[in-house]
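Only one structure is covered here, and it is reproduced in the block below.
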Number of protein chains: 2
Amino acid sequence: MRLKRVVLERLMRYHRFLSQTTASKPIQTITSAQIAEALDIDPTQVRKDFGAIGLVGIGRVGYQVEDVCCAVRTVMGFDKENPAVLIGVGQLGGALLTYPGFEKYGLSITAVFDSDPAKTGRSKAGHTIRSIRSLKPYIRKHDIMLAILCTPVEVSQTIADRLVSVGIKAIWNFTPTDLAVPPDVLVRDEHISLGLSEIAYHLKQ
Amino acid sequence: MRLKRVVLERLMRYHRFLSQTTASKPIQTITSAQIAEALDIDPTQVRKDFGAIGLVGIGRVGYQVEDVCCAVRTVMGFDKENPAVLIGVGQLGGALLTYPGFEKYGLSITAVFDSDPAKTGRSKAGHTIRSIRSLKPYIRKHDIMLAILCTPVEVSQTIADRLVSVGIKAIWNFTPTDLAVPPDVLVRDEHISLGLSEIAYHLKQ
DNA sequence: GACCAATCGTGATATATTTCACATATTCAG
DNA sequence: CTGAATATGTGAAATATATCACGATTGGTC
Ligand SMILES: NC(=O)c1ccc[n+]([C@@H]2O[C@H](COP(=O)([O-])OP(=O)(O)OC[C@H]3O[C@@H](n4cnc5c(N)ncnc54)[C@H](O)[C@@H]3O)[C@@H](O)[C@H]2O)c1
Ligand SMILES: NC(=O)c1ccc[n+]([C@@H]2O[C@H](COP(=O)([O-])OP(=O)(O)OC[C@H]3O[C@@H](n4cnc5c(N)ncnc54)[C@H](O)[C@@H]3O)[C@@H](O)[C@H]2O)c1
């Protein structure tokens, strides 16, 4: 069965926690109770999540840390290389371009695009900025499935339409708008205002 | 009763949708069914959410768009000005600094800090970068409640401890780590890897 | 080798969230 | 003014998610 979003999120938390923990002090195994304690989750939940991705622990011992990390990475698809294009090399797009953390999740930005003639042709963080006009041919030629969208919000839907028309399968949307796409295309929104709303609401109390 | 996170998230979606819709075509009222249709939510859910923030509609007409937007903004606390400090003026911190979109949510970055001597004293996007040593006195003096954390992940917890010790009430955490803070301090994580996991999982299918 | 303590795996239970169903209220047409 | 149509508001039902309770399994101890 397809994993739910909440499960994926918890799996990532387990993975991050175990990566951090083992980095400082190498340990072989860990119990669901230990993870639960650290992450403020019910231990049963941890075991059910692990069960959902086929992990089996051993009584009185717990789980092999190595196994857990591998299983999460495999299930998530981080071992698979995902080439992606980035569109809109401005403040945010530029920051994402330099981010070295994507690598370990299998994401590699293979081409970047902008509409600004002052930017196209120039280089940024090792990438030559291409004209937005070459977007569709590039995606078709290299069979790209993922696009990272960092353009001004006004053009987001237009670009999304183009991406869809050329067969993109997922859009990582950093622009504050709800994109309309066919059901088989995944849009993952990083709407920064959501975080802000939670913070503002908390500070108001 | 305190609103749940899922409700806050939907309220933001309503707000964004109505802002966008009225921007292009001014309308007075809207029905729960119209909103539900556009956002792919159950209409009952929309009405319950509106009820939760004290909105009443009128039969056969719907809700006053103006009222909805106001109510959301008020409930969220966007009308209240929230001064904030930003820590770590690197790629990401720099991008956030230039972002004009925070204003309409009441967030204003009043001071920025960095530990790099090559950066402190210099100016970025209209802010003079202060030494991290002046962080605590500044927060105390100006009674700052919110900090935006964009430092390397290794120092996140150290900085967070300092922030807590000087009475911060919320941390907007852009670094990929789970911070340990007292229960009365809100940490809002913008863990980019969560988005990536959802995308990678989808592309694997 | 037998027992004890700790841990997993999981069905049953509890809680949270969403959806349904319908009474009530309002608009508009004739 | 009356009736038909279309909204809202909300308790009840359904679904989803999280927690509890406990048998099964394993490792350590004597
Ligand atoms: N800067 C931030 O911290 C931040 C935070 C959250 C969300 N965002 C969102 O991210 C998006 C980008 O923000 P930014 O601050 O980087 O803006 P920016 O203006 O610095 O960058 C936008 C880039 O997109 C390019 N562009 C414009 N039209 C284009 C087109 N049709 N095709 C291709 N490229 C095009 C521009 O030339 C520019 O380089 C915005 O939607 C913004 O709301 C930004
Ligand atoms: N760049 C991205 O697109 C991106 C995306 C997601 C998450 N992040 C996270 O955001 C954080 C910052 O990323 P970045 O790309 O901007 O890195 P960066 O190296 O460009 O910036 C980090 C800044 O923090 C400053 N700093 C270091 N130690 C400090 C301290 N003790 N006190 C104050 N300032 C200190 C550095 O001088 C530097 O200016 C990292 O944790 C990164 O994982 C970055």
Side-chain angles (χ1 to χ4, degrees), chain A residues 1-15 17-18 21 27-72 75 194 197-198 201, chain B residues 1-15 17-18 21 27-72 75 178 183 194 197-198 201:
Chain A
M1 195 196 68
R2 206 180 151 133
L3 298 172
K4 299 285 179 62
R5 227 179 86 143
V6 280
V7 180
L8 294 183
E9 298 208 349
R10 279 196 303 267
L11 289 173
M12 287 304 287
R13 295 190 63 194
Y14 306 147
H15 186 263
F17 170 67
L18 292 178
T21 311
I27 51 168
Q28 301 298 314
T29 63
I30 197 162
T31 69
S32 61
Q34 286 174 298
I35 298 175
E37 163 73 21
L39 265 37
D40 196 28
I41 292 178
D42 188 279
T44 310
Q45 187 75 79
V46 177
R47 294 199 292 274
K48 292 224 158 137
D49 289 339
F50 283 1
I53 59 173
L55 280 167
V56 291
I58 25 189
R60 181 75 202 244
V61 173
Y63 299 85
Q64 297 288 126
V65 173
E66 189 63 30
D67 290 358
V68 176
C69 287
C70 279
V72 172
V75 166
L194 271 188
S197 72
E198 197 182 336
Y201 186 68
Chain B
M1 196 194 70
R2 210 179 147 130
L3 297 172
K4 298 286 178 60
R5 226 177 88 144
V6 279
V7 180
L8 293 183
E9 298 209 349
R10 280 195 303 268
L11 288 173
M12 287 304 287
R13 295 189 64 194
Y14 305 148
H15 186 262
F17 170 66
L18 292 178
T21 311
I27 51 168
Q28 301 298 313
T29 63
I30 196 159
T31 68
S32 60
Q34 285 174 298
I35 297 175
E37 163 75 22
L39 267 36
D40 197 29
I41 292 178
D42 188 280
T44 309
Q45 189 75 82
V46 177
R47 296 200 290 276
K48 293 224 156 138
D49 289 339
F50 283 0
I53 58 172
L55 281 167
V56 290
I58 26 188
R60 183 70 204 250
V61 173
Y63 299 85
Q64 297 289 125
V65 173
E66 188 65 28
D67 292 357
V68 176
C69 288
C70 279
V72 172
V75 165
D178 283 320
L194 271 188
S197 72
E198 195 181 335
Y201 186 68

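Just so it is clear, the structure is predicted and the values come from calculations on it, not from any experiment.
With distances taken from any side-chain atom of A/Lys48 to the nucleotides C/dC20, C/dA12, D/dG9, the minimum falls on C/dA12. Side-chain proximity of B/Ser32 to the nucleotides D/dA18, D/dT8, C/dC8 is greatest for D/dT8. Closest to the B/Arg47 side chain, of the nucleotides D/dC20, D/dT8, C/dT18, is D/dT8.
The nearest whole Å value for the distance from the CD atom in A/Gln64 to the P atom in C/dT7 is 15 Å. The CG-P distance, from A/Leu3 to D/dT17, rounds to 12 Å in whole Å. Per the geometry, CG belonging to A/Asp42 stands 15 Å off P belonging to C/dT7, to the nearest Å. Nucleotide D/dT8 holds its C1' atom 14 Å from the CG atom of B/Asp49, rounded to whole Å. Rounded to an integer number of Å, the gap from A/Gln34 CD to C/dT7 C1' is 11 Å. Atoms CD (A/Gln45) and C1' (C/dA14) sit 14 Å apart, rounded to a whole Å.
Judged by closest nucleotide on DNA chain D, A/Ile41 is the one of A/Ile58 and A/Ile41 placed further toward the 5' end.
Between the CD1 atom of A/Ile27 and the CG atom of A/Leu18 there is a distance of 7.0 Å, given to the nearest 0.5 Å. Summarising the geometry, atom CG belonging to B/Leu194 is positioned 5.0 Å from atom CD belonging to A/Glu9; distances are rounded to the nearest 0.5 Å.
Side-chain N/O atoms of B/Thr44 include none lying less than 4.0 angstrom from OP1 or OP2 on C/dC20. Phosphate proximity of D/dT17 to A/Arg10: absent, as no side-chain N or O sits under 4.0 Å from OP1 or OP2. Look at B/Tyr63 and you'll find a side-chain N or O under 4.0 angstrom from OP1 or OP2 of D/dG9.
The residue A/Thr31 sits close only to the backbone: its heavy atoms come under 4.0 Å of sugar-phosphate atoms, none of a base. Residue contacts for A/Phe50: at a heavy-atom cut-off of 4.0 Å it reaches no nucleic acid atom on any strand shown. Counting any heavy atom pair closer than 4.0 Å across all strands shown, A/Arg5 reaches no nucleic acid atom. Within 4.0 Å (heavy atoms only), B/Lys4 reaches sugar-phosphate atoms of the nucleic acid but no base atom. Contacts of B/Gly57 with the nucleic acid, taken as non-hydrogen atoms under 4.0 Å apart, involve only primed sugar atoms and P, OP1 or OP2. Here B/Gly62 lies in heavy-atom contact (under 4.0 Å) with sugar-phosphate atoms only.
In this structure, B/Gln34 contributes its side chain and B/Thr31 its backbone to a donor-acceptor pair below 3.5 Å. Under a 3.5 Å cut-off, the side chain of B/Tyr14 and the backbone N or O of B/Val68 do not form any donor-acceptor pair.
If you check distances only, the side chain of B/Arg60 does reach the base of C/dT27 with a donor-acceptor pair under 3.5 Å.
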